[in-house]
Protein chains: 2
Amino acid sequence: MTYKLQTNPRKSASQERSRSTVDALIEATTRILIKEGYDRASTNRIAEVAGVSIGSLYQYFPSKEALVAAVIDRHTQQISAVTRNALVKAAARPIEDAAREFVSVAIDAHRINPKLHGVLAEQIPRVGRLENIEANVREGYALVRAYLEAHRDEIDVADLDLTAFVLVTVVEALTHAAVLRRPDLLADEKAGRFVDDVTRLILGYLRKQ
Amino acid sequence: MTYKLQTNPRKSASQERSRSTVDALIEATTRILIKEGYDRASTNRIAEVAGVSIGSLYQYFPSKEALVAAVIDRHTQQISAVTRNALVKAAARPIEDAAREFVSVAIDAHRINPKLHGVLAEQIPRVGRLENIEANVREGYALVRAYLEAHRDEIDVADLDLTAFVLVTVVEALTHAAVLRRPDLLADEKAGRFVDDVTRLILGYLRKQ
DNA sequence: CTAAAATATAAGTTTTAGCTCGCAATAGTA
DNA sequence: TACTATTGCGAGCTAAAACTTATATTTTAG
C-alpha cells in the first residue's frame with residue numbers, strides 16, 4: 001500500500017468506448033462503497049465489478065483515491081445543483097417562506113443517494129481532494145449569509161457569521177440524521193410535521209422577539 | 001488483512017506488569033489515531049510506540065479492531081460520566097437553566113479530547129462494537145426525554161420523541177462543529193455569546209409561544 | 001528453592017491490496 | 001489494405017499489514 005495523493009485522471013477518454021469504461025468504473029465504485037464500505041472497495045474488486053481489467057482502471061485513474069474522488073465529485077455536483085437552485089430562488093422571499101424552503105431542500109438533497117452520502121460523510125476526511133466538498137460548503141454558507149444580510153431588518157442578527165454557522169449546521173445535521181438514522185420521521189404524513197418543527201426552530205431563532 | 005470481528009480481550013491481565021502493558025497499548029493507539037489517523041495505525045506500529053512487542057499485543061487484543069474498541073470505550077466512558085452527571089443535576093431545574101446547562105456540558109464533553117473525538121466520529125462506523133456508543137446515545141436521549149416529560153407544562157411539546165431528537169441532534173452537531181471546526185467561536189469572551197445563542201435557539205423551540 | 005503459571009519477545013508466515021508492464025485487440029485514417 | 005493511435009487485458013511484482021508461534025524471561029506460590 002503506497003500512498004499517492006494524485007487524484008487527477010491519467011488520460012482523458014476520447015473515444016466512446018473508453019468513456020463507457022470510465023463510467024462503469026465510477027458506477028462500480030459507487031455500488032461497492034454503498035454495499036461494502038471503503039475498506040472492501042479494492043481496485044481489483046472495482047475492476048471486476050465494472051467488468052473491466054485492472055489495467056484499464058489504472059489507465060484512467062492513477063489511484064484508488066482518484067476513483068473515490070470521482071464518485072465524490074459526481075455526488076457533490078448533484079447535491080449542489082439542487083441546493084444552489086433553491087437558495088437562489090429563495091433569496092427574495094420573506095424568512096417564513098425561505099426557512100421552510102431551506103429545510104425542504106436540505107431533505108431533498110440528502111435523499112439523492114442517502115447510503116452513498118452516509119458512506120462519504122464518514123470517510124471523506126481520509127481521501128485527499130476535499131476541495132470540491134469544501135468549496136461547496138463555503139458556497140452554501142455564502143448564500144445563507146447573503147440572505148441574512150439582505151433581510152437584516154426582518155431578522156434578529158447580532159453576529160452574521162455565527163448565525164449563518166448555526167443555521168447551516170443545524171439544518172444539515174437534522175436532515176442528515178433524519179434521512180439516515182430516523183427515516184420514520186420522514187415517512188408520509190409525518191414528514192410535514194418534521195419540516196414544520198425544524199422551520200419553527202429556525203424562525204424562533206431568527207425572528208425578533 | 002483478515003477481517004475478524006472479535007473485539008473482546010483475549011485474556012484479562014492479572015498482574016500489575018501486564019496491566020501496564022495493556023495501558024501502554026491503549027495509550028499508544030490513542031496517540032497514533034490522533035496523530036496519523038486510522039489507516040496508519042498498524043498493529044506493528046502501535047506495539048512499537050507502546051514499547052511492547054507485537055506478540056504481547058496479540059496476547060491481550062485479538063485484533064486491531066479490539067484495540068480501537070478499547071480506545072472508544074475509554075473515551076465514551078469519560079464523556080458519559082460528565083454528561084450523565086450534568087443531566088441528572090439539571091433534571092429539577094426550570095428550562096432556562098437546564099437548557100443553558102445542557103449546552104455547556106455538551107461543549108465540555110467535546111473538549112475532553114477533541115482530536116480523538118474527531119477521528120472516532122469519522123471512523124467509528126467501520127469498527128464493530130458500536131454498542132457502547134449506541135447505548136450511551138440512547139441513555140442521553142432517555143434523560144432528555146424524561147426531562148421534557150417532567151416539565152411538560154413549561155414546554156410546547158406536540159411530539160416528545162421528535163422534540164428529544166431535535167434537541168439532542170442540534171446541540172451535539174453545534175458543539176461538535178464548534179469545537180472541531182470553529183474553535184474561534186469558543187475562544188475566551190466569544191464562548192459566552194455562543195452558549196447564549198444556542199440556548200436561545202433551544203428555548204425558542206421549546207417555549208410556548 | 002523450584003516448578004508452574006503468567007508475561008514478554010521478535011522472527012517469520014500468510015494474505016491481500018495497490019500497481020506495473022508487455023502484449024493484444026480495436027478504432028480511426030489515408 | 002496498411003499503418004498508427006487508442007484502448008483493453010491480466011499475470012505477476014512489491015510492499016505492507018495482520019497475525020502466529022516457538023522461545024525466553026519474570027512472577028507467584030508451595
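Being a predicted model, the structure only gives us computed values, none of them experimental. Protein chains get the first letters and strands the later ones, always in sequence-line order, with residue 1 at the start of each.
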Exercise. Which nucleotide in the list D/dG8, C/dT9, D/dA18 gets nearest to the side chain of A/Ser18?
Worked result: D/dG8
Problem set entry | Where protein sits on nucleotides 24-30 of chain C, one letter per nucleotide: B base, S sugar-phosphate only, - none, heavy atoms under 4.0 Å | --BS---
Problem set entry | side-chain N/O A/Tyr58 vs C/dT20 OP1/OP2, d < 4.0 Å | no
For this session: Round to the nearest Å and state the distance from B/Ile46 atom CD1 to D/dA16 atom P.
Result: 17 Å
Seminar exercise, completed: Sorted by chain and residue number, the ring pair (Phe, Tyr, Trp, His ring centres under 6.0 Å) partners of A/His176 (sequence neighbours excluded) come out as A/His110, A/His117
Problem set entry | Proximal nucleotide (of D/dC19, C/dT7, C/dT9) relative to the B/Tyr60 side chain | C/dT7
Seminar exercise, completed: Taken in chain and number order and not counting sequence neighbours, the residues that satisfy side chain to side chain contact (heavy atoms under 4.5 Å, CB included) with A/Arg200 are A/Asp197, B/Asp156, B/Tyr205, B/Gln209
For this session: By nearest nucleotide on DNA chain C, pick out whichever of A/Gly55 and B/Asn44 is the more 5' one.
Result: B/Asn44
Exercise. With a 4.0 Å cut-off on heavy atoms, is B/Ser42 in touch with a base, just the backbone sugar-phosphate, or nothing at all?
Worked result: sugar-phosphate
Would you give me the side-chain donor-acceptor pairs under 3.5 Å for residues 139-146 of chain A, sequence neighbours excluded?
unit_1   : atom_1 : unit_2  : atom_2 : d
A/Glu139 : OE1    : A/Arg84 : NH1    : 3.2
A/Glu139 : OE2    : A/Arg84 : NH1    : 3.0

Exercise. Nearest heavy-atom pair of B/Leu57 and B/Val52: which atoms, and what distance?
Worked result: N-CG1, 4.3 Å
Exercise. For the side chain of B/Gln59, counting heavy atoms from C-beta on, which of C/dA8, D/dG8, D/dT20 is nearest?
Worked result: C/dA8
Seminar exercise, completed: Looking only at C/dA8, D/dA17, D/dG8, the nucleotide nearest the A/Ser56 side chain is D/dG8
Per-pair distances, 0.1 Å, donor-acceptor, side chain in residues 184-194 of chain B, under 3.5 Å, sequence neighbours excluded:
unit_1   : atom_1 : unit_2   : atom_2 : d
B/Asp184 : OD1    : B/Arg182 : NE     : 3.1
B/Asp184 : OD2    : B/Arg182 : NH2    : 3.2
B/Arg193 : NH1    : A/Asp159 : OD2    : 3.2

Exercise. D/dG10 C1' sits how many Å from A/Arg45 CZ, rounded?
Worked result: 18 Å
Problem set entry | Phosphate-side-chain proximity, B/Thr21 and C/dA8, N/O vs OP1/OP2 below 4.0 Å | yes
Which pairs would a plain distance check flag for residues 42-49 of chain B, meaning a side-chain donor or acceptor within less than 3.5 Å of a matching protein atom at least two apart in sequence or in another chain?
unit_1  : atom_1 : unit_2  : atom_2 : d
B/Ser42 : OG     : B/Arg45 : N      : 3.1
B/Thr43 : OG1    : B/Tyr58 : OH     : 3.4
B/Arg45 : NH2    : B/Glu36 : OE2    : 2.6

